[in-house]
Amino acid sequence: MKSKILVDYESYMCSVALIEDGVLKEFYVEDREMNRVTGNIYKGKVVNVLPGLQSAFVDIGLKKNGFLAAADMLEDRTALAHSGAVPTQLDVKEGEYLLVQAVKEPTDTKGPRLSAHLSIPGRYVVYMPTIDFIGVSNKITDEETRERLVKLLSKNRIEPHSGLIARTAAKDARRADIIAEIKYFSNMYISLLDKYRSASGVELLASDGNLLFRTVRDILNSTVDEIVCNSAKVSETLADYLNENLAQPVKVTPVEDYDILKKYGVLGEVEKLLKNKVELNNGGTIIIDRTEALTVIDVNTAKFTGDTDREETVFSINCEAAREIARQLRLRNIGGMVVIDFIDMQNPLHNDAVVKLLVDETAKDRTRTRVLPMTELGLVQMTRKKTGSEIQSLLLQSCEQCRGKGRTQAPSFMARKIKAQLQEIFSDPTVTASVVTVNPSVFKKLARGDWFESFMTGKNAGKLVYLVSSPDVSPNSYRIGAQSNAILSLPDSAFLLT
């Protein structure tokens with residue numbers, strides 16, 4: 001398998017894509033002016049302690065205070081929990097200063113999530129200066145290799161109670177390079193403590209760097225034979241970084257003034273990531289919908305009819321869906337809880353096979369995932385660790401018209417609301433007419449229907465209601481005004497409701 005990393009560097013944003021055998025596997029984008037906090041290390045001040053929740057709010061110099069919980073960690077808490085290394089009590093006081101690290105980005109309503117136990121990722125190891133733990137990435141499955149790495153890390157950790165986790169890249173790394181990285185982190189931590197002690201108050205002590213170097217550090221593996229970048233200056237900087245940090249740096253190819261994302265078909269793939277419907281190669285589809293608490297994925301047969309055996313047809317679609325779901329989760333960077341509604345199958349062996357396929361495909365993901373067995377209703381529950389922002393939140397913005405709902409109100413409901421307000425207006429006997437201004441799409445529907453036919457009779461007989469079209473009004477709202485004048489100033493397009 002051959003892989004390439006594409007770096008698209010613009011004045012306002014940076015994109016990094018991983019291509020494996022011509023297929024887009026990972027894509028990351030970041031606004032260069034966006035202040036990303038995940039991975040940053042701060043000297044923070046405790047402003048509020050919540051003993052019942054074993055948590056506290058910590059001022060780290062941002063608009064919203066960070067949230068610190070006793071057991072928050074950056075890496076796999078499951079493995080750490082088995083070692084007894086995860087703390088369950090939070091022993092802090094208001095006004096106290098702490099060395100903390102941001103582990104999750106802030107949202108519109110919440111500040112960043114913090115950890116009091118640093119976890120610093122490198123090329124080959126993750127360094128945890130305050131956790132007594134030696135571990136190996138779950139992606140390394142060979143027992144002999146795992147034992148070799150555990151012995152190497154145990155023997156070469158400089159502080160006796162510090163922690164180290166071998167990353168996937170350590171599997172093929174030279175012993176000297178791993179040891180050199182451990183020494184580098186040890187010295188860096190000493191410098192970090194010096195900065196912490198010398199800081200007079202809340203302060204940013206260390207940053208995780210920009211998207212380019214973070215991503216290259218994390219996704220670069222032995223299969224990558226080239227990094228292609230559309231900026232000569234950035235290519236030179238990147239090549240220097242690789243020469244300093246890798247024993248066998250990969251080739252960096254600068255391509256000036258060339259749209260590399262379009263050449264490799266990345267732009268078209270990214271456009272598809274912004275839609276909730278994904279077409280499968282066999283004609284089936286999956287629908288991906290995000291809610292506040294979880295992501296829901298529905299598998300459908302769509303155009304795929306298969307042969308005369310329904311069970312085999314459904315099994316084929318579900319297998320293809322499992323492969324694509326694993327890819328979509330990775331590409332879209334979807335984190336948290338995910339519930340998948342596969343098409344019902346009668347054969348229990350088919351159920352197990354689909355789940356196993358999903359487990360195998362998600363195992364290729366660098367981000368930790370956990371897949372549970374299929375329920376009796378044909379649902380599969382899984383989790384994927386949250387790392388950064390989802391691709392849609394970076395490339396899409398809320399619609400000002402529908403305010404994020406993605407739907408507009410039905411004309412019947414809109415007419416009902418207008419009639420209720422008209423009734424209130426016409427209760428004043430001096431009011432003889434009303435002008436209702438709506439969006440052009442709503443105007444067409446209300447003007448054609450008989451929504452107001454019964455309303456303009458009885459006690460409202462003789463009242464005049466004019467419908468006016470205006471693009472300045474959103475499809476989910478309207479403007480209404482009362483008129484008592486005998487002469488009205490109206491546009492030629494005004495429509496008299498009768």
Side-chain angles (χ1 to χ4, degrees), residues 34-121 126-133 135 159 161-165 185 188-189 191-209 214 292-293 335-337 367-368 383-389:
M34 183 177 67
N35 295 320
R36 186 181 186 272
V37 303
T38 300
N40 290 352
I41 300 172
Y42 300 86
K43 180 174 184 178
K45 183 177 182 180
V46 179
V47 294
N48 190 20
V49 178
L50 309 173
L53 297 176
Q54 285 300 311
S55 59
F57 288 100
V58 181
D59 177 14
I60 57 173
L62 303 180
K63 291 181 179 180
K64 291 185 176 68
N65 293 329
F67 182 75
L68 174 67
D72 273 345
M73 298 299 299
L74 261 179
E75 288 299 317
D76 190 341
R77 282 193 292 179
T78 303
L80 291 171
H82 292 326
S83 72
V86 176
T88 57
Q89 299 294 317
L90 189 68
D91 185 18
V92 297
K93 299 177 181 178
E94 290 186 14
E96 182 180 356
Y97 284 97
L98 297 174
L99 184 65
V100 293
Q101 185 174 37
V103 298
K104 189 181 294 185
E105 293 293 312
T107 65
D108 293 337
T109 58
K110 300 177 182 178
R113 194 94 174 188
L114 305 177
S115 172
H117 299 279
L118 309 188
S119 183
I120 306 171
V126 176
Y127 177 63
M128 300 177 294
T130 60
I131 297 292
D132 186 1
F133 178 76
E159 297 83 7
H161 300 294
S162 62
L164 292 168
I165 297 177
F185 280 139
M188 185 187 78
Y189 182 58
S191 299
L192 192 65
L193 291 178
D194 290 338
K195 290 179 66 176
Y196 174 81
R197 286 188 284 263
S198 62
S200 58
V202 174
E203 187 175 314
L204 171 64
L205 303 179
S207 172
D208 195 32
R214 283 198 318 271
E292 185 70 22
M337 185 183 297
T367 301
R368 176 168 49 89
T383 60
R384 185 176 185 271
K385 183 180 176 183
K386 291 184 177 181
T387 55
S389 302

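Reckoned from all heavy atoms, side chains included, excluding hydrogens, waters and symmetry mates. Along the sequence shown, residues carry numbers from 1.
- Taken to the nearest 0.5 Å, the CG atom of N65 stands 15.0 Å off from the NZ atom of K110.
- Taking CD1 of I120 as the start and CG of L164 as the end, the distance is 11.0 Å to the nearest 0.5 Å.
- Within a 6.0 Å radius of NZ in K43, other residues, nucleotides and ligands contribute more than 12 heavy atoms.
- Remark: Y97 engages no residue in a ring-ring contact (aromatic ring centres under 6.0 Å, His included) (not counting sequence neighbours).
- Nearest approach of I60 to P112, heavy atoms of both residues: CD1-CG, 3.8 Å.
- Side-chain contact between L118 and T130: absent, with no pair of heavy atoms (C-beta onward) separated by less than 4.5 Å.
- Taking every heavy atom of both residues into account, V100 and A116 meet most closely at CG1-CA, 4.4 Å.
- Residues H117 and Q101 come closest through the heavy atom pair O-OE1, 4.3 Å.
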Does the pair E105 and T38 meet the rule for a side chain to side chain donor-acceptor pair (under 3.5 Å), with working shown? CA-CA 6 Å; E105 293 293 312; T38 300; 2.6 Å; yes

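- With hydrogens and angles ignored, the 3.5 Å screen pairs a side-chain donor or acceptor of K195 with a backbone N or O of L205.
- Going from atom OG of S119 over to atom CD1 of I131 covers 9.0 Å, rounded to the nearest 0.5 Å.
- Judged as a ring pair (Phe, Tyr, Trp, His ring centres under 6.0 Å), the pairs with a partner in residues 41-62 (not counting sequence neighbours) are, in order, F57-F67.
- Taking the side-chain contact (heavy atoms from CB on, under 4.5 Å) definition, one finds that S162 meets it with Y127, R157, E159, sequence neighbours left out.
- The closest side-chain heavy-atom distance from V46 to L68 is not below 4.5 Å.
- Annotation: side-chain hydrogen bond (donor to acceptor under 3.5 Å, both in side chains) contacts of D194 (sequence neighbours excluded): R197.
- Residues V37 and L204 are not in side-chain contact: their nearest non-hydrogen atoms beyond the backbone lie 4.5 Å or more apart.
- If you take CG on L114 and CG on N40, they are separated by 11.0 Å, rounding to the nearest 0.5 Å.
- When every heavy atom of V92 is checked against every heavy atom of A56, the shortest pair comes out as CG2-CB, 4.1 Å.
- Within the 4.5 Å cutoff, the side chain of N48 has heavy atoms near those of the E94 side chain.
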